[in-house]
*Asks:* 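Have a look at the structure that comes next, please.
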There are 2 protein chains.
Amino acid sequence: MKFLDIGVLSERSGVPPSTLRYYEEVGLIASVGRHGLRRQYGPETLTQLALISLGKTAGFSLDEIRGMFGRDGVPDVPRAMMHARADALEQQIRRLVTLRNALRHVAECPAESHMDCPKFQRLVRVASHAQRGGAQPPASIATGGRKPRR
Amino acid sequence: MKFLDIGVLSERSGVPPSTLRYYEEVGLIASVGRHGLRRQYGPETLTQLALISLGKTAGFSLDEIRGMFGRDGVPDVPRAMMHARADALEQQIRRLVTLRNALRHVAECPAESHMDCPKFQRLVRVASHAQRGGAQPPASIATGGRKPRR
DNA sequence: CTGCCACTTCAAGTCAACTTGAGGTCAAGC
DNA sequence: GCTTGACCTCAAGTTGACTTGAAGTGGCAG
């Protein structure tokens, strides 16, 4: 039996047992059964956990992640929605690239205050508008849809 | 005087007044003074808010963001650290690209369970290891350093 | 001068995502 | 047969990032 005890799964995935139990409680993962009291997990759970980790990195809530490939890799949202999510993700990736550039800039540029540096200004300003969460907020900059991320 | 009332700043940035006060309280932004009781903000605050939004998208905590370009665009962390952050960001970007690909895959591939699809497996498995937060967790997959993100 | 209304403060509440702790169970090795 | 240690449950606590509500203030249009 190639089944994994929670301790082993935890060690292999880097996710603490308490979190694994919590994930199971909220339906993100499922154990195949019990050995006595102990949960036994199939090896595919490792893949699922990798996906969950990715989803969290992207700032999706556990609810959203469950909708995308929760419990069995069977998405319960329509494919159009999936593509919308992917599109949003692309937006986010562009924003991250902007931030990386801004970070490199402040690490390098000797200017007193970067808020005045025209290069920096241009770098950041283009990133205004567009991020995850659906309808855009009233104005330009936008908040980055509350999710307590992490 | 080109100073902004909190209501105006809120409207232009898309950030609610309550949040702006909170940001000021924790030292992320600063008002130039008061008009009566009312806070007045300089226009550069809009740039700072754009940066904060970017930082949040990337999953940085408000503390980290303050360290990077808090209060005046003067980073109080060493530049080596800045580059390290940028490197981590690049890792994260790669992870996001993986997730986007995975998302497109499940939207397109007609397979019953994606967990079994070899293409999908390969897609996700390579994303194991590496994400933000410093020392890597015991094993492969890793969690994505707690910060509630929201 | 009056009233309005956008602002103010401060304490408390909320929410997601976990973690912690107390008290209990049970399969396996001695 | 007993102990051990990794597991179990369930309730409560924690943290970050805000939001909400009550009670007050003050610039300015009429």
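As a basis for the values below, the full set of heavy atoms in this structure was taken, side chains included, without hydrogen atoms, waters or symmetry mates. Proteins get letters first, then strands, A, B, ... in listed order; numbering begins at 1 in each. Because the structure is predicted, anything quoted here is derived from the model rather than measured.
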*Asks:* Just to confirm, is there a sub-4.0 Å distance from OP1 or OP2 of C/dC7 to any side-chain nitrogen or oxygen of B/Arg39?
*Replies:* no
*Asks:* Look at B/Thr19 and D/dA17 and indicate whether a side-chain polar atom (N or O) is within less than 4.0 Å of OP1 or OP2.
*Replies:* no
*Asks:* Base, sugar-phosphate alone, or nothing: which one does A/Asp63 contact when heavy atoms must sit under 4.0 Å apart?
*Replies:* nothing
*Asks:* Are B/Met82 and A/Glu108 packed together at the side-chain level, in the sense that at least one heavy-atom pair is separated by less than 4.5 angstrom?
*Replies:* no
*Asks:* Given 3.5 Å as the limit, does a donor-acceptor pair link the side chain of B/Ser53 with the main chain of B/Leu49, or not?
*Replies:* no
*Asks:* Please state how far atom CG in B/Leu20 lies from atom C1' in C/dT8, giving the value in whole angstrom units.
*Replies:* 14 Å
*Asks:* Roughly how many Å is it from CZ in B/Arg38 to P in C/dC4, rounded to a whole number?
*Replies:* 16 Å
*Asks:* How close or far is atom C1' of C/dA17 from atom CZ of A/Phe60, stated in whole angstroms?
*Replies:* 17 Å
*Asks:* Will you find, in the side chains of A/Glu24 and A/Tyr41, an N or O donor that is under 3.5 Å from an N or O acceptor?
*Replies:* yes
*Asks:* How long is the line joining CD of A/Glu25 and C1' of D/dC10, in whole Å?
*Replies:* 9 Å
*Asks:* Ignoring the backbone of B/Leu37, work out which of C/dT20, D/dT9, D/dT25 is nearest its side chain.
*Replies:* D/dT25
*Asks:* Whether A/Tyr23 contacts C/dA17 is assessed here as follows: a side-chain N or O lying under 4.0 Å from the phosphate OP1 or OP2. Is that the case?
*Replies:* no
*Asks:* Can you identify which nucleotide, out of D/dT9, C/dT8, D/dC18, has its nearest atom closest to the B/Lys56 side chain?
*Replies:* D/dC18
*Asks:* Measure the distance from CG on B/Leu4 to P on C/dA6 and round it to the nearest whole Å.
*Replies:* 18 Å
*Asks:* Distance from A/Leu20 atom CG to A/Ile6 atom CD1, nearest 0.5 Å?
*Replies:* 5.0 Å
*Asks:* Taking OP1 and OP2 of C/dT8, is either one under 4.0 Å from a side-chain nitrogen or oxygen of B/His35?
*Replies:* no
*Asks:* From C-beta outward on A/Leu62, which listed nucleotide comes closest to its side chain: D/dT9, D/dC18, C/dC18?
*Replies:* C/dC18
*Asks:* Using atom CD1 of A/Ile52 as one end and atom C1' of C/dC18 as the other, report the distance to the nearest whole Å.
*Replies:* 14 Å
*Asks:* Can you tell which of C/dT8, D/dC18, C/dT20 lies closest to the side chain of B/Tyr22?
*Replies:* D/dC18
*Asks:* Sub-3.5 Å donor-acceptor pair from the side chain of B/Ser10 to the main-chain atoms of B/Val15, do we have one?
*Replies:* yes
*Asks:* Can you tell which of C/dT25, C/dC7, D/dT19 lies closest to the side chain of B/Pro16?
*Replies:* D/dT19
*Asks:* Output the rounded distance in Å from CG (A/Leu9) to C1' (D/dA6).
*Replies:* 15 Å
*Asks:* Are the side chain of B/Arg34 and the backbone of B/Leu37 linked by a donor-acceptor contact shorter than 3.5 Å?
*Replies:* yes
*Asks:* Quick check for you: among C/dT8, D/dA6, D/dC18, whose closest atom lies nearest to any side-chain atom of B/Ile6?
*Replies:* C/dT8
*Asks:* Please classify the nucleic acid contact of B/Arg21 as base, sugar-phosphate, or nothing, using heavy-atom distances under 4.0 Å.
*Replies:* base
*Asks:* In this structure, how many angstroms lie between the P atom of D/dT25 and the CG atom of B/Asp5, rounded?
*Replies:* 19 Å
*Asks:* Counting only side-chain heavy atoms from C-beta out, which of D/dT9, C/dA6, C/dC18 sits nearest to A/Arg34?
*Replies:* D/dT9
